[in-house]
Structures are given as C-alpha cells and as structure tokens.
Protein chains: 2
Amino acid sequence: MRKTPTVYDVADRAGVSIATVSRVLRTPDTVRPATRERVLDAVAELGYVPSGSARGLAERRTGVLGLYFPRFDAMDEVAALDVLSGDRVGPFTIVQDAEPRDDRGSMLFQDDVLRGAELEAWRRGFVLMVGIGRGDPRTSTVRDMAGRVDGLVVLARSIPDDVLVQLSARVPVVILAGPRRGDRYDHVTVSDAEAMGELTRHVLAQTGGRAPAYLAGPADSPDGAQRWQGFSEAIEAAGVPIASVPVLRGDFTRSSGRRIGEELVARGLPAALMSSNDRMALGALDAFRDGGVRVPVDVVVTGFDGIDVGAVSAPPLTTVRQPMIQLGRAAIQVLAHRLSAPDADPVSVSLPVEIVLRRSSLRSS
Amino acid sequence: MRKTPTVYDVADRAGVSIATVSRVLRTPDTVRPATRERVLDAVAELGYVPSGSARGLAERRTGVLGLYFPRFDAMDEVAALDVLSGDRVGPFTIVQDAEPRDDRGSMLFQDDVLRGAELEAWRRGFVLMVGIGRGDPRTSTVRDMAGRVDGLVVLARSIPDDVLVQLSARVPVVILAGPRRGDRYDHVTVSDAEAMGELTRHVLAQTGGRAPAYLAGPADSPDGAQRWQGFSEAIEAAGVPIASVPVLRGDFTRSSGRRIGEELVARGLPAALMSSNDRMALGALDAFRDGGVRVPVDVVVTGFDGIDVGAVSAPPLTTVRQPMIQLGRAAIQVLAHRLSAPDADPVSVSLPVEIVLRRSSLRSS
DNA sequence: TTGAAAGCGCTAACAG
DNA sequence: CTGTTAGCGCTTTCAA
C-alpha cells in the first residue's frame, strides 16, 4: 500500500490546480464539464478519497456525531484474546442444551438506540462514532470523541457533571434517557414515571387494592429512580402509605430476581410483585414456577423494559416497552437542531412508552 | 457557546508556546512540573479539548477505526419522525399481549460484533466509527468513513468489489464473516461449513440415516452459501445424492418458516428439517406445534445462529452459535496487526463455532 | 472558469 | 526544558 493520494496528486494528474479539484468534489457545477471529467477520471484512477482530517480542519466541522454509552456490565473484564497467535481449538465445539447467556447485561436495549441514531444521522448526512464508558471518564474515550465530532449524545449518567461541562465547551451535548440535569443541556427522555404510575394502577385493580411489593435495582440507578417515583406516587395516591410497601433490592440480573423470588416463596407472597426491569421479573417467574406458585392467581408480576423474551415466558410478562429506536433518532434530531441553531433555548423531549399487558398481570382473562 | 479554545489560547493563558502545550498533552514528562501544572490549569479553565481533525492531519493518523455493516433489513424505509414538532401522543399507550417484533431482522447478532469491536478498539486506544450500508455504495457513507479512519472492517458483501479496491487504496480493509474474496484483503470468518457438516451428521444419526429437508434463505446470501456447502457435503458423504434432498426456500424470517412448516404438515413431513437460520426454524416449530406434530419424534429440527429465544422455544432448538463478540474483536485485532505491519502477508482467521444440542434434535434423550 | 495563497489547529523536528 | 517553524491536506476568498 503506497502513499495515499492527495489533492495534489489528483491536480497534477488532471493538469489543474488543487482548488479546481476541491471544487469538483464540493461544488461540481461551478466547473466546466470537460475539466470536471478530467478531474473525476484522475480521482478514479488514483483511488483518491479526501482526508477527513484535512477537510474537518478547513471546514471547521467534521460531519461526525458521537454516541456515548455507559459501560456494558462486566465487558471490561473480558480476557485478552489473540486470534493471531495461531493456537486455535478446531472449527467447533459441541455443548448440550446451553442456556442463553445472561451476561450481556441490561444493555441489550441500547442496540436499538444505536440503530435509530445511525439511521437519523445518515439521513442528515452525518456519520456516527460510538464510544462506551469505561475507565476514568476524565481522560477516556469521551474526550477523544468530543474532539472529533460536531456534537455528542451522552446516555444518562455515563459521565460526571464536571466532565460534561468541559465537553460542552467544545461541542453541543444532548443527554439521553436520564433525569434532567438542570437545563443547561438538550435532553431526550421517556415517560417512565408516568408509565410506571399507570402500570401500578393496573396492578392495584387486579389485586383489589392490595399493595404490591417492589423489586428495585441498585440504589444508584437513575432509570430506577424514575420508575420508583411513578410507582410510589401511584401507591400513595391510592391511599396506601408507601412506607408499608415491601421493597426488595436486586441487581437487575435474572439470577437476582430468581433469588428474591425464592425468598418470597419461602417467607410468604405479596399480592403482586412489580419489578423495575424485565430480567429480574423473569427470574422471579422462574422461582415461582419452581415453587409451585401460580402467576397471576397467587401473585401478579410485572416487569419493565419490554425485552423480547418476556413475550414467551411462562406466563408471558406484562411490561413497559421503551421506544428505543425512536430515542436514538430523537437524540440525533435534537442534536442536529442544536447545530443549526446554536443559541436556541435548551430543548427537552419526552417520548411515549408502551404498556404491554400480558398474562402475568391479568387475573381476569 | 463561544469560540472553542485552541492551543493558542491555552499557550497564551499559561504563558508558554504552543509547542509546550502540545508536549504537556502528548509527552507530559518532557516538561518541567511547574510548567506542566500551569498548562494543565489553563486547559481546565478553558475547557480545552484538542481538535481531532488538526491532530489527525499533523499525525497522519486519526486514531479511529471504522466498522461497516450491510443494511438492516427494511430500516431504510422507516418513516421520517419529527420529535421537535410538538405533536406528541401522550406519555404512553397500552397494548394487549404484544408479540416480540420480528422486524429487527437477522441483524440482531451484529450487536455483539459491534460490542466486541468496540472493546478491542478501546483496548488498543482507538475509537470506533460505525456505518450501515444503504444507498449507493459508490458515493455513500463508506467512502466518508474511509477518509476518516485508519482502517476499516467491512462485513461480508456490504459493498461491491470495485469500491473495495478504491477504499483499500486509502486504508487497510478487513473483510468480516463472508467467503474469502481472493486474498488481497485480511479476512476473518467462522467455521460455518464445518459446523453445518457436523450438525448434519448428528441429524443423520438421529434419523437413522434418513435424509433431512433443507430450509434455505434467499439465494444470494453468502452466509447461506457456506451453510449449504457444509450440509451438502455431509449429505453426499453419507451416500445420499444431494439432488434427492428437498430444498425449501424462505427469506430468513420467522413467518416464512412458519408458512413452510405448514406446507410440510399438509403435504407430508421429512425425517428432519435443517434450517439455515434460527428464525425460520422457530417458525417451523410454531407450525408443527399448531399442527400437532411432535418434535423431535415425528421430525427433527435444527436452526443456525444461536439466537436467545431458541433456548426457550418449545421444544428448545438445536443450533450453531456464532462467536459474535469474538468476531468483532478478531476483526479489530487483525486490523491493528495490519496497521503495525503494513507489508505483512494477508491474514485469514477462522473462528470456531459452538454446536448447541437441544431437544428439537435429540430423539434419544 | 480557474489559479494563487492564506489559513484551519496541531505535531514534530530543530535550535537554543 | 522550551520556543520557532515547517508542514499535514483541504476549503475558500480574492484576483486574474
């Protein structure tokens, strides 16, 4: 692979100046057709592709938008792997009846956010750069990214406030899917609280007003905060003191849900169990099934997120489905808006969610 | 947001030259601690983040690697959506018992490729840019990307050969997960053919040597080609003329599998049905269940891909699980290797897959 | 319609 | 240890 061609090479070959080459590429109809052809031929022959760096420097915009996620659980600790070392193990291995891997974390849903973001970025002529939070946010990827993009979408809580302030001195930042932080930034979120409130009312109707237990995630989860808020407000509004509601704490994994489910089976069931995510709810269903507990007759169960396996669990799981693709699209839209109107007031958009009622919460059906 | 600060601003503020600022950022210990402190203070006060474009130009490398996917099925046609228009529909909607969406295409698996790639890129100090194939590949995203990255991973068949030649004149290209195309490029793939061969032998053992029917995808699928190859070789090796094997053609969706399954129920069952992907196999299982066909007693069924829902289907589906995360990692590793040794011979890596035996193919258990 | 030339912000010799 | 300076490859006036 010899030296990559530049405008100068193209200009030489076509017998024009570099300015003309640039014009052919950026504003084709300002150059005479014959000249244009010569230049395009030279481009093709040389396999010329303009340097994004040089272009970015000159134009003072990169045409790149960034999407920054919080870390995938445990992915950091993945062992080093060297496929080039040559010590491989043959073309396949055989295993019996493997379980689906639970270790991909709660982050599955982020795939759709990425899809939506990429789609919308493409529609607007941008390309997308992705980064995942890990290591010290003060020095890591996200700063790199900020230097290379025209704007940045940051998933809730993936970086601390002071870093955010720094970054936003260089590029516009849109906060995605977390609680609003002041109103310095543009913001896109979902109606988690409202949906959890409505779901809670639904559950109370099923249990005849008897209070559900709440299955929470780690204490510092911002998503969890909104869901809890919706839940507790609905509970209080129904005249039940929130302090009287049992709160169980898991870590968002299916196995933690199962463990808690087993405890409930042993110690006595609540009228309903409302989980702050689907995976814990599914774990609880596992425990209930094994313990001979009938859902929804003995206990009503609900989840939150709308992951696919919830539709085929036994029984199928009532949940709240997040509009992930739309979230990604919305974030890029807001960013594009900001880019075209740098001084407009900060925007805050809240996307509707979908409450999906299935057998796990439907006693009557 | 006022003008973004540059090295010059930082240098002024710290009372040093721009060279010193650059040193503090790139080789901190070549600078006297006192000076260094002053510079870092200025950086913090100004919220300075270096321009990736300028850096890229000067260093002649961007620190960015690109990952280019073929298009997600049907995602292009997604309607425009304007979240800023203000005509929203309220915080939530309620639906009864929604099915999981099948429309996310066969591309789910690509999420893990992305994860693996991002992980490995990060470990090596790169950031990742992603692009999805759509529109005319000659003018689209992928060329943009090629101009902005140090190297490019391209998923099989997402771009035509002549474009590939152009791109590889600028940056190293690694082809991922397709058949090898000559040996001009580095290449990472999986042992689909071998695994399908082994799986076919397994099925023949279960059926007592009676030949399975084959459920294929669209004719032009390159993945499909390898799977078919492994299948047909194993069939012939077993002494069965491949021409005598029924080949049914679907489009990789669950519903096409279901339709074909229904036809089989109506017209007569083969001893086994081997599908070239999981989703069609699951659709066939749906049809068999509804038609009162017992799997694996009346017909043995296998899939290919290892998607999660296959573990919880009725019965659980025998399949071949692809090492998607590893694929992503391997691609980046190969790319990094190429970057550090531009003139080394092209590399070709084949990753082992995992054959997962479950009830849908186990008559004996 | 085209060319000459001045940056864009940064890195990396090379001097001092 | 620090400053001066010459590019990196491109876009964009400004003249011709």
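Just so you know, these numbers come straight off a predicted model, no measurement behind them.
A sub-4.0 Å separation between OP1 or OP2 of D:dC10 and a side-chain N or O of A:Y48 is present. At least one side-chain nitrogen or oxygen of B:R32 sits closer than 4.0 Å to the OP1 or OP2 atom of D:dT2. Between B:R26 and C:dT11, a side-chain N or O to OP1/OP2 separation shorter than 4.0 Å is present. Between D:dT11 and A:S22, a contact under 4.0 Å exists linking OP1 or OP2 to a side-chain N or O. Within the structure, a side-chain polar atom (N or O) of B:T20 is placed less than 4.0 Å from OP1 or OP2 of D:dG3. Note on A:S51: every side-chain N or O is 4.0 Å or more away from OP1 and OP2 of D:dG9.
Taking atom CZ of residue B:R36 and atom C1' of nucleotide D:dT2, one finds them 14 Å apart after rounding to whole Å. As rounded to whole Å, 14 Å separates atom C1' of C:dG7 from atom CD1 of B:I18. Atom CZ in B:R148 sits about 17 Å away from atom P in D:dG9, given to the nearest Å.
When distances are taken from the side chain of A:T6 to each of D:dC10, D:dG3, C:dG9, the shortest belongs to D:dC10. When the nucleotides C:dA5, C:dC10, D:dG3 are ranked by their closest atom to the side chain of B:A19, D:dG3 comes out on top. Listed candidates were D:dT4, C:dG9, C:dA4. Nearest to the side chain of A:R60 is C:dG9. In this structure, of C:dG9, C:dG3, D:dG3, it is C:dG9 that holds the atom nearest to the side chain of B:L57.
B:V21 comes within 4.0 angstrom of nothing in the nucleic acid, heavy atoms only.
The terminal axes of the helix from C:dT1-D:dA16 to C:dG16-D:dC1, fitted over 5 pairs per end, subtend an angle of 30° to the nearest 10°.
Between the base of C:dC10 and the side chain of B:Y8 there is a donor-acceptor pair shorter than 3.5 Å.
With respect to A:D112 and A:R115, a salt bridge is recorded, a charged nitrogen being found less than 4.0 Å from a carboxylate O.
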